[in-house]
Asker: 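One structure, pasted below without further comment.
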Amino acid sequence: MSDPHGQPPYGDPAHGPGDAVTQEAKNWALVSHIGTLVSAYIALGFLAPLLVMLIKGESPFVRRHAVESLNFQISVLIYAIAGTIVSVLLVVLTFGILAFVIVPIAVVLALVVLGLIILATVRAANGEDYRYPLTLRLVK
């Protein structure tokens, strides 16, 4: 069964049985996920998968992982901006009382994002595809 947006469903092997994924492709796919943690300290998290997609995008396996990671990072950025705006408004309107609720929620969400990135990295290292949940598919 295929996705109406043309994306393969989660867990569906996107490469055929005859398509061998090379170790170099696995490494570049891995970099597209774990590199977001490094690039997040320098600028924005989506730079690493964008660079991997532009440099090593000729491999379908690497491109799938880079696009998935790029879409996830863009989605996280959009959610973070929206969440920050709403959080600041709620904290101001409640004179800071909701900060005791919002800050722990933000920490848990950050840990969930970190866990998903690690899971995707492990899947890429094993030569498997991975689909992040709640991701806007903006880049095809």
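Everything numeric here is computed off the predicted structure, so don't read it as measured data.
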Asker: When you look at I74 and L136, which way does the side-chain contact (heavy atoms from CB on, under 4.5 Å) test go after all the steps?
Answerer: CA-CA 8 Å; I74 291 171; L136 304 170; over 6 Å; no
Asker: Just grab all the side-chain hydrogen bond (donor to acceptor under 3.5 Å, both in side chains) pairs involving residues 28-38, residues at least two apart or on different chains.
Answerer: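 Qualifying pairs: H33-H65, H33-Y132.
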Asker: Might you point out which heavy atoms bring L30 and A124 nearest each other, and give the distance in Å?
Answerer: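 The answer is N-CB, 3.7 Å.
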Asker: If we ignore hydrogens and angles and just use 3.5 Å, is the side chain of N71 paired with the main-chain N or O of V139 as donor and acceptor?
Answerer: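 Yes, N71 side chain to V139 backbone: donor-acceptor pair under 3.5 Å.
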Asker: In the single-linkage hydrophobic clustering (I, L, V, M, F, W, Y; side-chain heavy atoms under 4.5 Å), do I81 and L44 co-cluster?
Answerer: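 Hydrophobic grouping puts I81 with L44.
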Asker: Quick one: are V62 and I55 in side-chain contact, heavy atoms under 4.5 Å?
Answerer: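 A side-chain contact under 4.5 Å is absent here.
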Asker: If you compare all heavy atoms of Y130 against all heavy atoms of P133, which two are closest, and at what distance to 0.1 Å?
Answerer: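 Heavy atoms only, the tightest pair is OH-CD, 3.9 Å.
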Asker: Could you tell me the separation between the OG1 atom of T121 and the CG atom of L37, rounded to the nearest 0.5 Å?
Answerer: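 T121 atom OG1 to L37 atom CG measures 7.0 Å (nearest 0.5 Å).
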Asker: Look up atom CG in L93 and atom CG in L98, then write down how far apart they are to the nearest 0.5 Å.
Answerer: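 It comes to 9.0 Å.
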Asker: Any Lys/Arg nitrogen of R123 or D129 sitting under 4.0 Å from an Asp/Glu carboxylate oxygen of the other?
Answerer: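 D129 and R123: not salt-bridged.
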Asker: Which pair of heavy atoms, one from L90 and one from T94, lies closest together, and at what distance?
Answerer: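 That would be O-OG1, 2.8 Å.
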Asker: If Ile, Leu, Val, Met, Phe, Trp and Tyr residues are connected whenever their side-chain heavy atoms lie under 4.5 Å apart, and connections chain through other members, are V76 and V112 in the same group?
Answerer: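 Yes, it is one cluster - the side chains of V76 and V112 are joined through contacts under 4.5 Å.
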Asker: Carefully, step by step, assess V92 and L89 under the rule side-chain contact (heavy atoms from CB on, under 4.5 Å).
Answerer: CA-CA 5 Å; V92 168; L89 289 174; 5.9 Å; no
Asker: Report the distance from atom CG of L47 to atom CD of Q73, rounding to the nearest 0.5 Å.
Answerer: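 Output value for this atom pair is 10.0 Å.
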Asker: Identify whether V86 and I102 are in the same connected component of the hydrophobic contact network (ILVMFWY, side-chain heavy atoms under 4.5 Å).
Answerer: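 Yes; I102 is reachable from V86 via cluster members.
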Asker: Could you check I117 against F72 for side-chain contact (heavy atoms from CB on, under 4.5 Å), going step by step and ending with a plain yes or no?
Answerer: CA-CA 9 Å; I117 291 170; F72 181 67; 4.0 Å; yes
Asker: Taking I85 as the starting point, is it possible to reach I78 by hopping between hydrophobic residues whose side chains are less than 4.5 Å apart?
Answerer: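 In one cluster: yes.
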Asker: Tell me the closest heavy-atom pair linking A48 and V31, and the distance in Å.
Answerer: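 Nearest pair, atom of A48 first, then V31: CB-O, 4.5 Å.
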Asker: If you compare all heavy atoms of T84 against all heavy atoms of A80, which two are closest, and at what distance to 0.1 Å?
Answerer: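 Shortest heavy-atom separation between T84 and A80 comes out as OG1-O, 2.7 Å.
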Asker: Is it possible for you to say whether L109 and V113 belong to one hydrophobic cluster, with membership spreading through side-chain heavy-atom contacts below 4.5 Å?
Answerer: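 Shared cluster, no.
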Asker: Is the shortest distance from a Lys or Arg side-chain nitrogen in R63 or E58 to a carboxylate oxygen in the other one below 4.0 Å?
Answerer: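 A salt bridge is absent here (no side-chain N lies under 4.0 Å from a carboxylate O).
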Asker: List the residues meeting side chain to side chain contact (heavy atoms under 4.5 Å, CB included) with L50, not counting sequence neighbours, and say none if there are none.
Answerer: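 Side chain to side chain contact (heavy atoms under 4.5 Å, CB included) check on L50 returns M53, L54, L70.
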